[in-house]
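As structure tokens, the structure follows; a few thoughts come after it.
The structure presented is a predicted model; accordingly, all values stated were derived computationally and were not measured. Naming: A, B, ... by sequence-line order, numbering from 1 per chain.
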There are 2 protein chains.
Amino acid sequence: MSSARVGATRPKSQIKVSRTGMSNFGSPRAPKRAMSRNEVVVGDSVEAMLGLPEASVDLVFADPPYNLQLASRLTRPDQSVVDAVDDDWDKFADFAAYDAFTRDWLAAARRAMKPSATIFVIGSYHNIFRVGAIMQDLGFWILNDIVWRKNNPMPNFRGRRFTNAHETLIWAARDASARNYTFHYEALKAGNEDCQMRSDWLLPICSGGERLKDSAGRKTHPTQKPEALLARIILAASNPGDLVLDPFFGSGTTGAVARLLGRDYLGIEREQTYAEAARARIAAITPLPAVAVAPAPSKRNEPRIAFASVVEAGLVAPGVTLTDAKGHHKAVVRADGALAIGPIVGSIHKTGALVQGLPACNGWTFWHFESGAGLAPIDELRAVARARLRDAAE
Amino acid sequence: MSSARVGATRPKSQIKVSRTGMSNFGSPRAPKRAMSRNEVVVGDSVEAMLGLPEASVDLVFADPPYNLQLASRLTRPDQSVVDAVDDDWDKFADFAAYDAFTRDWLAAARRAMKPSATIFVIGSYHNIFRVGAIMQDLGFWILNDIVWRKNNPMPNFRGRRFTNAHETLIWAARDASARNYTFHYEALKAGNEDCQMRSDWLLPICSGGERLKDSAGRKTHPTQKPEALLARIILAASNPGDLVLDPFFGSGTTGAVARLLGRDYLGIEREQTYAEAARARIAAITPLPAVAVAPAPSKRNEPRIAFASVVEAGLVAPGVTLTDAKGHHKAVVRADGALAIGPIVGSIHKTGALVQGLPACNGWTFWHFESGAGLAPIDELRAVARARLRDAAE
DNA sequence: TAGACGCCTGAATCTATAG
DNA sequence: CCTATAGATTCAGGCGTCT
């Protein structure tokens with residue numbers, strides 16, 4: 001079981017952290033080396049991703065430069081100066097240059113993704129529309145756009161716009177045909193008052209003790225993302241032991257949360273200073289015990305059981321009459337696992353659909369048997385069969 | 001005053017509603033005719049917009065086809081069929097065709113916009129990224145992206161994605177240099193618990209009595225937008241008497257709300273059926289009285305008053321000493337309306353900035369005078385001067 | 001020690017007008 | 001176009017200090 005790889009089985013001292021920069025990453029023509037995990041590579045994102053084996057990554061989180069195009073300085077009403085993102089890495093000559101940059105890194109990320117992998121890209125209105133269009137052009141299949149609503153955003157100081165109170169994430173599969181991507185629907189629902197998790201997430205910005213600062217108290221990275229955001233992403237769309245790639249690693253939130261949650265990570269960061277801060281940050285993380293991060297069991301992942309095997313196992317005898325919950329419809333269990341309604345014979349699903357006049361029906365929940373304590377769905381018999389299957393496997 | 005044009009001054013019988021289709025709208029070479037208002041034009045959006053005078057529109061709301069790319073029909077868990085958008089107007093051969101369509105209508109809309117006009121475009125993840133990128137390419141300047149959070153979205157029936165619980169609006173000015181666009185910041189703030197309006201709006205979807213239905217109970221239009229959404233947009237970004245253009249008029253929500261709020265509208269709609277439903281809907285609207293829709297007064301729009309004129313009016317005598325709210329700093333009023341601090345002479349703003357060591361200062365709120373009932377800001381004297389100005393004008 | 005109070009800060013495309 | 005100047009403009013939360 002993959003979650004056995006986390007926690008106590010992977011003591012801190014065995015975490016390999018490369019201090020050699022990007023020496024292992026050459027041009028695309030360089031021989032492919034074995035997959036490296038749990039490293040922070042210092043270097044260019046595109047080059048580094050092209051050095052990875054194709055189809056080797058389970059999940060990508062990317063927080064690319066936003067291309068903010070800030071013209072002048074901004075002061076608060078009290079005349080204090082807003083510490084804006086004016087770093088060189090956020091400067092692009094024009095939209096064409098930003099688009100070319102975006103196409104390059106997205107194509108390289110897509111190449112490294114397994115066919116079942118998905119990608120999350122975060123951005124603001126300055127860049128997210130270009131990013132999304134290019135993703136569609138490259139063949140990514142958008143699954144959702146997600147809104148990170150900030151409960152404590154910076155206000156609009158001039159009163160000329162709406163408070164910019166959110167950022168946007170695009171969640172996409174590698175291809176339109178991908179049907180086997182990881183999405184822990186049930187776990188998210190269980191953790192959300194038993195309601196489906198929506199596309200709008202309310203989370204505070206990264207501040208307080210979580211925010212990395214240097215010895216002088218200045219923030220280490222201007223755009224550090226909150227761990228809660230990464231935790232939701234990683235829990236939703238990956239399994240323990242999966243490899244999470246972050247091509248714009250920055251302060252390393254992705255790596256810190258991946259390690260906490262028993263996932264492997266691979267970070268790429270151009271700035272040596274950020275990479276070093278990220279390594280130290282991640283090294284200080286104690287992974288959660290495996291039991292805390294094991295994927296919740298979900299109906300979808302349960303082994304499939306034929307009704308025939310329920311009959312074969314003696315859990316219900318051939319000849320027994322099943323009914324719907326209200327006893328309106330009746331059908332007889334056949335020895336081959338089909339049901340008979342008079343001359344009509346069909347699966348539990350087909351017969352259930354037939355008597356209701358519907359195109360489809362889940363027979364496991366529609367048909368009931370007399371359990372001794374009243375009517376019960378035959379799904380309960382399936383649960384017993386599954387439990388026996390598990391016992392036999394151990 | 002422009003708001004005098006609304007309400008009782010414009011009785012229902014005078015609303016001109018064209019029943020002649022797009023006969024007045026020819027090729028761009030056709031002679032420009034007088035601006036038409038409060039009409040629903042049946043025809044192609046691009047052609048109709050190119051027939052409008054340049055720079056004639058104050059606000060654009062556009063709800064273009066979303067290019068949903070639905071592959072097959074979707075059923076709910078109870079097997080009922082979801083009534084999806086599968087109309088011909090939402091079918092495009094590929095992204096290139098959708099992009100070309102989008103460029104055309106956005107360029108035509110931009111041409112019709114006054115330099116001070118703004119545009120709202122609504123979409124979902126299927127199309128909004130392409131729309132936003134093309135808007136930037138055409139020279140629109142994005143002011144905000146706005147998230148319409150639905151408190152009652154359709155659930156995700158397959159449990160393979162997050163509930164798609166929002167749609168995205170892009171709010172943009174015609175040009176990056178536009179500084180004089182309409183934005184009723186104070187009114188929005190006053191209606192939002194005295195907090196600035198954020199970029200995430202929580203509104204229910206259009207249902208119940210608001211939803212247009214035909215005699216058989218089928219919804220008239222598959223994507224009718226809620227009036228509350230349009231009301232917020234129109235109230236935020238237009239003034240009474242302004243012209244609001246909607247190139248994809250559909251069921252006419254834009255027109256109905258514009259008429260209610262004392263704005264003029266111009267709707268363009270390709271389908272005769274929708275246009276007729278929209279006309280009937282709008283005709284049934286009674287505009288609100290002018291006083292209900294008059295723009296709230298804002299400090300920004302008050303006439304400018306020089307401190308010299310406050311002195312000349314005898315509201316404060318030369319030689320009087322002003323202080324800040326805590327009495328730490330002192331300055332003497334000069335006969336010419338400047339302040340003196342020892343040998344230093346400057347405006348109320350410059351001297352206020354100087355004593356605080358700040359680059360700027362609002363002298364009206366910084367400097368105080370002895371009012372008899374304690375210290376009061378000289379802004380109160382300005383208010384008196386303004387009131388006298390108003391009285392004199394009447 | 002708990003609460004009051006003030007200071008600081010966050011991915012920001014953040015003014016209007018006169019001359 | 002430009003420059004100079006008037007003057008309008010912020011919310012939530014963390015943290016340190018004071019009472």
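The side-chain hydrogen bond (donor to acceptor under 3.5 Å, both in side chains) test applied to B:S347 returns no partner, not counting sequence neighbours. The ring pair (Phe, Tyr, Trp, His ring centres under 6.0 Å) check on B:W201 picks up A:F162, with sequence neighbours excluded. Partners of A:R211 under the side-chain contact (heavy atoms from CB on, under 4.5 Å) rule, at least two apart in sequence or in another chain, are A:C206, A:K213, A:K219, A:Q224.
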Using a 4.0 Å cut-off on protein heavy atoms (strictly under), produce a 5'-to-3' string for nucleotides 12-19 of chain D with B for base contact, S for backbone-only sugar-phosphate contact, and - for none. SSSS----
Scoring nucleotides 14-19 of chain C by protein non-hydrogen atoms under 4.0 Å (B base, S sugar-phosphate only, - none) yields BSS---
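Counting non-hydrogen atoms under 4.0 angstrom, A:Q79 reaches a base of the nucleic acid. Base contact: A:T223 has a heavy atom under 4.0 Å from a base atom. The residue B:I305 sits close only to the backbone: its heavy atoms come under 4.0 Å of sugar-phosphate atoms, none of a base. Within the nucleic acid shown, B:D194 comes within 4.0 Å of sugar-phosphate atoms alone, with no base atom in reach, counting heavy atoms only.
A stem is defined here as three or more consecutive Watson-Crick or G-U pairs, each with both distances under 3.5 Å; for DNA chain C these stems are C:2-10 with D:11-19, C:15-19 with D:2-6.
Minimum atom distance to the side chain of A:V82 is reached by C:dA12, of the listed D:dT10, C:dA11, C:dA12. Here the side chain of B:Q196 is nearest to one of C:dA12, D:dC11, C:dG10, namely D:dC11.
Classification of B:R149 and B:E167 as a salt-bridged pair fails, no side-chain N sitting under 4.0 Å from a carboxylate O.
Near-neighbour residues of DNA chain D inside residues 346-366 of chain B, defined by a heavy atom below 4.0 Å, number-ordered: B:S347, B:H349, B:A360, B:C361, B:N362, B:W364. Of the residues in residues 210-219 of chain A, those with a non-hydrogen atom less than 4.0 angstrom from any atom of DNA chain C are A:R211, A:K219.
For residues 66-100 of chain A, the ring pair (Phe, Tyr, Trp, His ring centres under 6.0 Å) pairs, not counting sequence neighbours, are A:W89-A:H221, A:F92-A:Y98, A:F92-A:F101, A:Y98-A:F101. Listed by first then second residue, pairs satisfying salt bridge (Lys or Arg N to Asp or Glu O under 4.0 Å) with a partner in residues 90-99 of chain A read A:D99-A:R130, not counting sequence neighbours. Counting only residues at least two apart or in different chains, side-chain hydrogen bond (donor to acceptor under 3.5 Å, both in side chains) contacts with residues 350-365 of chain B comprise B:T351-B:W367.
Nucleotides D:dT10 and C:dA16 are separated by 15 Å at their P atoms, to the nearest Å.
Not one side-chain nitrogen or oxygen of B:K189 sits closer than 4.0 Å to the OP1 or OP2 atom of D:dT9.
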Pairs under 3.5 angstrom only: tabulate donor-acceptor contacts from the side chains of residues 303-325 of chain B to other protein residues two or more places apart or in another chain.
from, atom 1, to, atom 2, distance (Å)
B:S309, OG, B:A306, O, 2.6
B:D324, OD1, B:G327, N, 3.1
B:D324, OD1, B:H328, N, 2.7
B:D324, OD1, B:H329, N, 2.9

